[in-house]
Protein chains: 4
Amino acid sequence: MSNEQGEGARRRPSDSGPDDDHGGSTRERILTAAGELFAEHGFTATPTSRIAERAEVPKGLIHYYFRRKQDLLAALVERLPDEELESDRLVVRGDVAGSLRRLVGELDARLESSMLLSHLLWREADTHDAVRQAMQQRFGVVVEQIRRVIELAMPPGLAGCDVETAAMLLARVINHRHSVARHRTEDDELDREIGFIANALELGAGSPVVNPA
Amino acid sequence: MSNEQGEGARRRPSDSGPDDDHGGSTRERILTAAGELFAEHGFTATPTSRIAERAEVPKGLIHYYFRRKQDLLAALVERLPDEELESDRLVVRGDVAGSLRRLVGELDARLESSMLLSHLLWREADTHDAVRQAMQQRFGVVVEQIRRVIELAMPPGLAGCDVETAAMLLARVINHRHSVARHRTEDDELDREIGFIANALELGAGSPVVNPA
Amino acid sequence: MSNEQGEGARRRPSDSGPDDDHGGSTRERILTAAGELFAEHGFTATPTSRIAERAEVPKGLIHYYFRRKQDLLAALVERLPDEELESDRLVVRGDVAGSLRRLVGELDARLESSMLLSHLLWREADTHDAVRQAMQQRFGVVVEQIRRVIELAMPPGLAGCDVETAAMLLARVINHRHSVARHRTEDDELDREIGFIANALELGAGSPVVNPA
Amino acid sequence: MSNEQGEGARRRPSDSGPDDDHGGSTRERILTAAGELFAEHGFTATPTSRIAERAEVPKGLIHYYFRRKQDLLAALVERLPDEELESDRLVVRGDVAGSLRRLVGELDARLESSMLLSHLLWREADTHDAVRQAMQQRFGVVVEQIRRVIELAMPPGLAGCDVETAAMLLARVINHRHSVARHRTEDDELDREIGFIANALELGAGSPVVNPA
DNA sequence: AATGAATGAGACTTCATTCAT
DNA sequence: AATGAATGAAGTCTCATTCAT
């Protein structure tokens with residue numbers, strides 16, 4: 001268990017050339033099919049043969065590009081969109097809730113295409129080390145971005161409250177959506193939760209932690 | 001691939017007799033082993049033969065008690081501790097944070113034994129209908145309990161804020177711990193998050209939701 | 001490469017009971033089929049599916065008894081007839097050639113059933129450690145037996161010659177037959193070679209090793 | 001499964017041109033790599049892709065030069081050094097042992113480069129007809145050469161003994177080294193065995209075969 | 001002349017499940 | 001009630017070989 005290899009993922013043959021294949025380069029089609037199926041049924045429960053079917057390539061080609069099934073997962077992780085984004089332009093000083101909403105919107109837009117994928121990765125995180133590491137790193141990045149937006153958006157006088165915790169809280173909510181909530185994505189709830197946190201911050205929540213049990 | 005039910009789970013042969021087996025009735029030992037292994041490696045990735053090994057029973061016995069592998073999962077769901085608990089005695093009026101901490105503590109204590117199991121179930125939730133339904137129901141129960149504790153603990157004057165959202169937020173945090181956070185369970189973080197939410201509530205957060213996007 | 005495991009070979013189900021299978025216990029039939037096919041076409045070139053065909057068992061049963069193909073080889077080695085035999089009764093003092101011929105005859109008789117097998121094992125000796133070790137040990141045993149027979153059969157006065165070398169020489173001839181000569185087993189040649197060696201010993205060959213360049 | 005021949009081995013594209021490849025013509029590098037790998041792991045167990053790797057040529061090139069994998073084996077057989085050598089200059093009349101030692105030394109020197117290869121060929125002899133035939137022919141040539149050296153080296157008076165058998169015996173020893181003994185090549189043993197045979201011949205061994213069984 | 005993507009047959013192996021005892 | 005031998009479908013992966021470029 002948990003053997004990453006670093007190698008295993010062969011380079012794609014025609015990287016930037018025009019694709020006369022139906023729908024992306026062959027390698028890409030395989031990855032897309034794999035991502036979808038993994039997300040729908042899980043990694044172990046998805047036979048490589050079904051990936052081949054959906055990608056409309058012969059079975060052997062899967063293992064030509066990705067020697068082991070596991071390498072498909074690794075490649076999917078690498079292909080994740082970079083979560084980094086210049087968040088500064090989203091910030092409106094004094095409007096924490098609005099700024100956070102815009103941030104979450106941006107993050108979601110980026111992940112939109114890979115929502116299912118993201119969900120899959122959370123599922124496989126504790127079976128595959130590479131996946132887990134990637135996920136944890138991404139979590140850290142998100143927390144950091146939230147924290148930054150909050151700090152920029154907060155009115156100057158209210159610097160005392162627990163920004164760190166609020167950021168973590170929101171990051172967890174976001175992750176929860178991507179990881180577990182998959183089916184019932186109720187934007188309404190999310191919206192209210194963002195509002196709650198922003199409001200709490202503006203009220204100075206968390207600053208004086210009173211008698212911690 | 002959906003959910004069989006009704007039949008499938010055979011009644012244990014010697015139900016009430018004294019156990020001369022080493023460590024619980026045979027059927028129970030099988031379930032425990034299955035729960036552990038499913039949690040460690042996932043449902044599909046766990047062969048029934050390995051369950052038999054860990055439970056120290058012959059392989060045939062697994063399918064004697066549980067005709068299909070899937071029935072093991074169903075039985076594990078049924079065996080989950082009832083989340084219902086008389087929360088009233090945990091409440092100290094005026095101390096929202098403390099009350100919530102005690103509630104979370106109780107919930108954790110109940111789940112302690114089945115922490116891994118709970119995690120497993122979240123993983124398998126979108127592959128197995130029966131599991132998903134159970135999980136969603138449990139989520140609802142937890143939200144409700146949190147809401148109740150908050151309402152009981154809140155000082156009378158502050159009834160205006162968004163208790164519903166706060167409850168959902170905390171429930172999500174709890175679930176996140178059980179479903180995803182598996183490895184790094186940092187109680188410190190949880191504690192601060194509870195404090196943050198309680199404090200926010202006391203400050204009236206969420207009451208006037210300002211310009212919702 | 002070269003991973004023996006010690007385990008891997010499941011115990012046969014009905015060891016000594018009467019066989020109503022057609023031709024030995026199931027496990028034994030598999031081993032016999034494997035031995036034959038390995039000998040004919042080599043280990044790697046023999047698919048387990050063909051073993052199943054010849055043994056007239058379903059493919060899965062092969063791996064029920066022998067988890068890995070390699071375990072078949074290991075089991076075949078273990079099944080080799082013990083080369084040890086009470087050679088003393090074969091010896092006629094003063095008749096070295098005759099004594100050796102009887103010894104070789106005995107060894108051949110023992111190996112007769114496993115001639116092909118023996119050949120196979122030599123072929124696979126340098127790919128599979130377990131096989132090589134078994135083969136080397138067997139070689140040592142044979143050399144020792146030959147040496148003993150020679151010493152018992154030699155007339156007392158001629159003790160000076162190089163018995164060790166003669167024994168090795170003959171052992172090598174025997175092995176050569178089993179390992180390489182497979183197809184054209186001309187007993188005539190063997191006979192003359194035994195005669196030559198015996199005669200040489202009686203003439204005192206090897207005693208004074210002259211200028212070993 | 002028998003032996004194809006006649007076609008199959010394409011002529012190398014640039015036969016006589018200067019080699020700017022690193023280490024021999026491309027075709028030759030392929031053959032060398034194939035020989036090494038076949039000897040190490042056996043014919044069937046060696047993928048052509050690994051041959052390409054070791055030869056540092058693209059995979060397609062293997063099948064460009066040698067349409068079928070089997071043709072590699074055939075080419076290796078053809079490339080074997082010619083065993084024929086003018087043995088007369090090695091002979092010192094009256095010194096049988098010395099003459100044989102020099103002969104064996106020469107043969108070994110020729111085969112030195114292809115010791116492993118020779119071993120491989122013996123292994124594959126009974127799976128590939130072409131290989132077996134080549135091997136048997138080579139065996140005959142060696143026997144003949146030994147016989148010739150013995151006859152030339154023997155003192156005139158001792159013509160009565162069984163030269164044929166002695167030659168066969170020694171040829172077998174040589175072959176045994178090349179085919180089986182691969183790992184523990186103890187020149188010491190070989191030396192003593194040559195001495196034994198030569199000594200036996202000088203003593204007239206084999207001449208009067210006494211009571212053949 | 002040379003390349004490496006593509007192909008599909010088939011190898012080994014695992015496994016849930018059945019069934020005779 | 002309990003067992004483990006038996007079964008065969010299906011999984012992952014390898015590989016010789018072809019072919020368009």
Side-chain angles (χ1 to χ4, degrees), chain A residues 8 10-14 21 25-27 30 44-52 57-72, chain B residues 10-14 17 26-27 43-52 57-72, chain C residues 8 10-14 21 25-27 30 44-52 57-72, chain D residues 10-14 17 26-27 43-52 57-72:
Chain A
R10 213 169 296 208
R11 270 311 84 200
R12 63 218 147 207
S14 65
D21 305 306
S25 80
T26 306
R27 188 177 185 275
I30 293 171
T44 316
T46 302
T48 51
S49 62
R50 198 141 1 155
I51 298 173
V57 298
K59 202 174 37 148
L61 203 52
I62 304 280
H63 292 94
Y64 175 72
Y65 283 107
F66 308 94
R67 197 152 64 77
R68 323 192 144 261
K69 193 188 179 186
Q70 175 182 113
D71 297 330
L72 279 166
Chain B
R10 209 172 300 204
R11 271 316 73 205
R12 66 218 145 201
S14 65
T26 305
R27 188 175 185 277
F43 176 77
T44 317
T46 301
T48 51
S49 62
R50 197 143 3 158
I51 297 173
V57 300
K59 191 165 59 114
L61 206 51
I62 304 281
H63 289 89
Y64 175 72
Y65 284 107
F66 309 92
R67 197 157 63 77
R68 331 202 127 247
K69 190 187 181 187
Q70 186 176 112
D71 298 330
L72 280 165
Chain C
R10 215 168 295 207
R11 269 314 81 200
R12 65 219 145 205
S14 66
D21 305 305
S25 80
T26 306
R27 189 176 184 276
I30 293 172
T44 317
T46 301
T48 50
S49 62
R50 199 139 3 154
I51 297 173
V57 299
K59 202 174 36 147
L61 202 51
I62 304 280
H63 293 93
Y64 175 72
Y65 283 107
F66 308 93
R67 198 152 62 77
R68 323 190 144 260
K69 193 188 179 185
Q70 178 181 110
D71 297 329
L72 278 166
Chain D
R10 210 171 299 204
R11 270 315 75 204
R12 64 215 147 203
S14 66
T26 306
R27 189 176 184 276
F43 176 78
T44 316
T46 301
T48 50
S49 62
R50 200 150 354 165
I51 298 173
V57 299
K59 191 167 58 117
L61 206 51
I62 304 280
H63 289 90
Y64 175 72
Y65 283 107
F66 308 93
R67 197 156 64 77
R68 331 201 127 250
K69 191 187 179 187
Q70 183 177 116
D71 298 329
L72 280 165

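Chain letters run A, B, ... following the sequence lines, proteins first and then strands; every chain starts at 1. Computed from a predicted structure; not experimentally measured.
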Atom-pair distance ([atom1] on [X]; [atom2] on [N]), nearest Å:
{"X": "C:R27", "N": "F:dG4", "atom1": "CZ", "atom2": "P", "answer": "16 Å"}
{"X": "C:I62", "N": "F:dA6", "atom1": "CD1", "atom2": "P", "answer": "11 Å"}
{"X": "D:R50", "N": "F:dA16", "atom1": "CZ", "atom2": "C1'", "answer": "14 Å"}
{"X": "B:Q70", "N": "E:dT17", "atom1": "CD", "atom2": "C1'", "answer": "13 Å"}
{"X": "D:F66", "N": "F:dC15", "atom1": "CZ", "atom2": "P", "answer": "20 Å"}
{"X": "C:K69", "N": "F:dT12", "atom1": "NZ", "atom2": "P", "answer": "21 Å"}
{"X": "A:L72", "N": "F:dT12", "atom1": "CG", "atom2": "P", "answer": "10 Å"}
{"X": "B:H63", "N": "E:dA20", "atom1": "NE2", "atom2": "P", "answer": "17 Å"}

[N], OP1 or OP2 - any side-chain N/O from [X] closer than 4.0 Å?
{"X": "C:T26", "N": "F:dA6", "value": "yes"}
{"X": "C:R67", "N": "E:dT13", "value": "no"}
{"X": "B:T48", "N": "E:dC15", "value": "no"}
{"X": "A:S49", "N": "F:dT12", "value": "no"}

Taking only the side-chain heavy atoms of [X] (C-beta and beyond), determine which of [options] contains the nearest atom.
{"X": "D:L61", "options": "F:dA1, F:dT14, E:dA2", "result": "E:dA2"}
{"X": "B:R68", "options": "E:dA2, F:dT17, E:dT17", "result": "E:dT17"}
{"X": "D:Y65", "options": "E:dA11, F:dA16, E:dA2", "result": "E:dA2"}
{"X": "B:P47", "options": "F:dA16, E:dC15, F:dC13", "result": "E:dC15"}
{"X": "B:Y64", "options": "F:dA1, E:dT13, E:dT17", "result": "F:dA1"}

Can you see which heavy atom on [X] is nearest to which on [Y], and at what distance?
{"X": "B:H63", "Y": "B:R67", "answer": "CD2-O, 3.0 Å"}
{"X": "D:T48", "Y": "D:K69", "answer": "CG2-CG, 3.7 Å"}
{"X": "C:Y65", "Y": "C:T26", "answer": "CE1-CG2, 4.1 Å"}
{"X": "A:A52", "Y": "A:K59", "answer": "CB-CA, 3.8 Å"}
{"X": "D:T46", "Y": "D:I51", "answer": "CG2-CG1, 3.9 Å"}

Residue whose nearest DNA chain F nucleotide is more 5′ - A:T44 or C:P58:
C:P58
Report the residue (C:V57 or A:K59) whose heavy-atom-nearest nucleotide on DNA chain F is the more 5′ of the two.
C:V57
Which is true for C:T46 with a 4.0 Å heavy-atom rule: it touches a base, it touches only sugar-phosphate, or it touches nothing?
sugar-phosphate
Drop me the distance from C:I30's CD1 to C:L61's CG, to the nearest 0.5 angstrom.
4.5 Å
Where each pair must be Watson-Crick or G-U wobble with both distances under 3.5 Å, what dot-bracket representation of DNA chain F is obtained, with crossing pairs in [ ] and other-strand partners as |?
.||||||||||||||||||||
